[in-house]
Amino acid sequence: MGVIRERQIRAILYCLDNCNIIAHTPRSALTDRFTSHSLWIGSWVVSSFAANDLCEVTDEQSLSRSTESRFTAFITTLISTLKICSKTKDLQGGRKVHEYILKNGLLVPCLDALVILYVKCGALATARDLLCVHKSKSVSCWTALITGYTQHGHGREALYSFELMQHEGVSPDSLTFTSILKACGTVKAEVKGKQIHDKIVQQGLLDGDVKIGTAIVDMYAKCGNLIKAQHVLEELPSRNIVTWSALIAGYAEQGQGEKALSCFEMMKHEGIVPNAVTFVSALKACGSINAAEKGKQIHDEITRQGLLRNNHVLATALIDMYAKCGALKRAKRVLDELPSRNVINWSALIAAYAQQGQDEQALSSFERLQDEGLSPTSVTFASTLKSCGSLKAAEKGEKIHYEIERRGLLHNDHILGTAVIDMYAKCGVLSKAWTVLEELPYQCVSMWAALIGGFVQHDKGEQALHCFKLMQQKGISPNVATFSCILNACSHLGLVEDCFRHYSSMRCKHGIDPDFEHTTCMVDLFGRAGHIDRAVKLTMEMSFSDYPILWYALMSACHKWSNMNIGRWAFRHSVQLDAQDAGVCNLMANMYKANGVESYVDIDSCTDQ
DNA sequence: GTAGGGTTAG
């Protein structure tokens with residue numbers, strides 16, 4: 001600690017007695033009077049010393065034994081002050097204490113507490129600079145930094161800090177590994193995760209540490225490698241409900257509902273009783289595979305355990321499960337019966353109404369949540385706008401748009417921006433849709449897709465094509481959705497060659513494989529234009545032969561152009577897919593009739609040919 | 001300083 005001036009020591013001791021009173025008072029007693037008590041302590045310490053620095057100090061003395069021990073106690077108090085600042089996320093107060101620490105050369109003993117303070121307050125760059133400049137060897141501080149980066153959604157920074165830490169000669173321990181695995185999961189860095197997994201195994205850290213094993217399972221699950229995740233889980237020396245939940249959540253997230261539910265059963269078979277977290281993932285699995293009955297069973301289990309009383313996450317998962325299974329009345333009932341509702345519960349229901357075309361219900365729910373004193377979020381707005389678009393309720397949509405603007409929500413939210421543009425576009429207020437797009441500080445391909453789609457929907461194909469050009473001039477590459485719109489636009493305008501040019505450019509220029517919808521659009525246009533041979537060629541090339549609509553498009557063309565041979569051929573393919581399809585049979589019958597063919601070939605004889 | 005969970009646009 002070195003030699004400290006006696007006057008300063010005396011001041012420190014004076015502070016110490018006072019600070020201790022505050023620092024050791026139970027938090028509950030502090031909250032009312034000192035909402036910002038850490039700041040108060042910080043500024044008090046600083047001002048006391050500022051006053052003291054004005055005093056002229058003439059003599060310097062070595063510290064006596066008792067003074068030294070009291071000094072140590074003071075450092076402890078400073079650290080306590082920093083801890084209070086950390087807990088209350090009082091960055092301003094913490095900075096003042098930091099200033100004081102620097103001014104008095106007390107950094108070394110306080111370094112760890114300072115780093116933690118900056119991590120907790122989200123000032124991660126400052127924390128990292130402190131660690132680097134002072135070449136900290138504290139593995140716990142480095143781990144705290146890595147955790148901080150991960151929690152704030154900066155997985156890459158977490159990985160970088162992990163490298164920096166090792167560069168400083170600090171070896172990671174179990175806690176660091178657990179933390180960095182989480183970072184790998186968030187950025188899907190499976191290769192890095194695998195390296196860490198190997199190191200953990202080499203160091204024998206898996207034995208007796210369920211948390212680190214769970215973190216490995218979760219890492220693979222979040223990276224989408226469920227086979228590996230399940231394999232690791234099966235080989236772990238010990239596992240618990242959290243390990244299983246990580247795996248089930250992974251399967252549910254990937255839309256592998258069956259697998260998720262079979263793991264859910266395997267877990268129960270091991271004698272582990274599911275908890276709220278497991279139920280959330282199991283419900284998500286049910287929603288993804290339309291398993292309403294299984295979902296209902298889980299719902300009953302949840303009710304038996306009384307878990308819905310105080311768990312909004314679980315309630316949302318339940319509402320969403322019923323919604324995804326199309327059981328909107330049940331979803332609504334779950335929401336209505338909750339002891340308390342939050343905005344996410346409501347948003348899940350509104351999203352379901354909007355997606356399933358129950359737009360009036362979506363709008364009335366939007367009103368109801370506000371009547372309950374809740375405030376819509378970007379997610380709520382996005383779904384509500386979708387319903388406004390479907391109802392062509394431009395006035396209502398505009399009101400919501402203004403509210404979004406008022407709250408400044410459009411600046412960094414692509415999804416919400418797209419929803420606003422799409423609402424105006426669907427309502428036919430295309431100039432407004434375009435203005436919104438132009439005024440946004442960033443533009444993305446889905447916003448353009450919404451605008452272009454609007455032009456197509458309102459029979460303004462020329463303008464759609466113009467937008468398509470403009471978008472690419474701005475350096476934005478079209479995607480699958482954009483091409484659907486553009487091909488449709490060309491189709492409506494009867495621009496056969498343009499349409500085929502765009503269709504061909506998908507693969508060769510943009511690396512996008514045309515899907516069945518694009519191909520159907522092209523086949524339909526070729527067919528209507530009388531290019532039956534090109535339509536057939538495309539149908540054969542694209543191996544979409546199991547899509548009835550494609551054959552229907554081809555048959556319609558044959559009907560129009562009285563091409564009985566190809567028509568019969570298409571009909572055979574079509575009935576092989578669905579022998580009961582009345583539309584196809586009628587079309588074929590009409591074709592025969594129109595061409596004066598007396599003997600209508602029935603389905604059975606067709607399939608036999 | 002350490003492990004698992006919710007709603008959105010095109």
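The sequence lines fix the lettering, A, B, ..., with proteins before strands; numbering per chain opens at 1.
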Any pair with a residue in residues 162-174 of chain A that passes salt bridge (Lys or Arg N to Asp or Glu O under 4.0 Å), sequence neighbours left out, goes on the list, sorted by first then second residue, please. A:K135-A:E168, A:E163-A:K192
Any A:K284 side-chain N or O less than 4.0 Å from OP1/OP2 of B:dG6: yes
Choosing from B:dA3, B:dT8, B:dG4, which nucleotide comes nearest the side chain of A:S383? B:dT8
Test for a donor-acceptor pair under 3.5 Å between the base of B:dG4 and the side chain of A:S245, counting only N and O atoms. yes
Kindly indicate whether the side chain of A:T418 and the base of B:dG10 share any N or O donor-acceptor pair separated by less than 3.5 Å? no
Would you indicate which nucleotide in B:dA3, B:dT8, B:dG6 comes nearest to any side-chain atom of A:E253? B:dG6
Output yes when at least one side-chain N/O atom of A:Q355 is less than 4.0 Å from OP1 or OP2 of B:dT8, else no. yes
Side chain of A:A481 only, please: which of B:dT7, B:dG10, B:dA3 is the nearest? B:dG10
Could you check which of B:dA3, B:dG6, B:dA9 has an atom nearest any side-chain atom of A:D422? B:dA9
Tell whether A:D413 reaches the base of B:dA9 with its side chain through a donor-acceptor pair below 3.5 angstrom. no
Side chain of A:K426 only, heavy atoms from C-beta on: which candidate in B:dG6, B:dG1, B:dG10 is closest? B:dG10
Nucleotide nearest A:K211 (side chain, heavy atoms from C-beta), chosen from B:dG1, B:dA9, B:dT2: B:dT2
Is the centre of the A:H411 ring less than 6.0 Å from the centre of the A:Y442 ring? no
Here the distance between atom P of B:dT8 and atom CG of A:L410, to the nearest Å, is 19 Å
Mind checking if A:I241 touches a base, just sugar-phosphate, or nothing, with heavy atoms under 4.0 Å? base
To the nearest Å, give me how far apart CZ (A:F264) and C1' (B:dG5) are. 13 Å
Tell me whether the side-chain N/O atoms of A:K222 come closer than 4.0 Å to OP1 or OP2 in B:dG5. yes
Regarding the side chain of A:A449, the nearest nucleotide among B:dA9, B:dG5, B:dG10 is B:dG10
In whole angstroms, the gap separating C1' of B:dA3 from CD1 of A:I200 amounts to 12 Å
Between B:dA3, B:dG1, B:dG6, which one does the side chain of A:V242 approach most closely? B:dA3
When the distance from OH of A:Y322 to P of B:dG6 is rounded to whole Å, what number comes out? 19 Å
Cation-pi, A:F455 ring and A:K460 (6.0 angstrom, 45 degrees): no
Starting at atom CG of A:N311, determine the distance to atom P of B:dG6, rounded to an integer number of angstrom. 12 Å
Against A:I319, only a single residue in A:L314, A:L335, A:L328 fulfils side chain to side chain contact (heavy atoms under 4.5 Å, CB included); can you say which? A:L335
Side-chain N or O of A:K182 closer than 4.0 Å to phosphate OP1/OP2 of B:dG4: yes
Once you round it to whole Å, what is the distance between P of B:dG1 and CG of A:L205? 20 Å
From CD1 of A:I180 over to C1' of B:dA3, roughly how many Å is that when rounded to an integer? 15 Å
Would you say the rings of A:Y220 and A:H231 are close, in the sense that their centroids are separated by under 6.0 Å? no
Out of B:dG6, B:dT7, B:dG4, which has the shortest distance to the side chain of A:V277? B:dG4
Would you mind reading off the distance between A:M321 atom CE and B:dT7 atom P, rounded to a whole angstrom? 13 Å
Could you label the plane-to-plane angle of the A:H502 and A:F483 rings as parallel, tilted or perpendicular, counting under 30° as parallel and over 60° as perpendicular? tilted
Let's see if you can work this out: which of B:dG1, B:dG6, B:dA3 has an atom nearest to the side-chain heavy atoms of A:T316? B:dG6
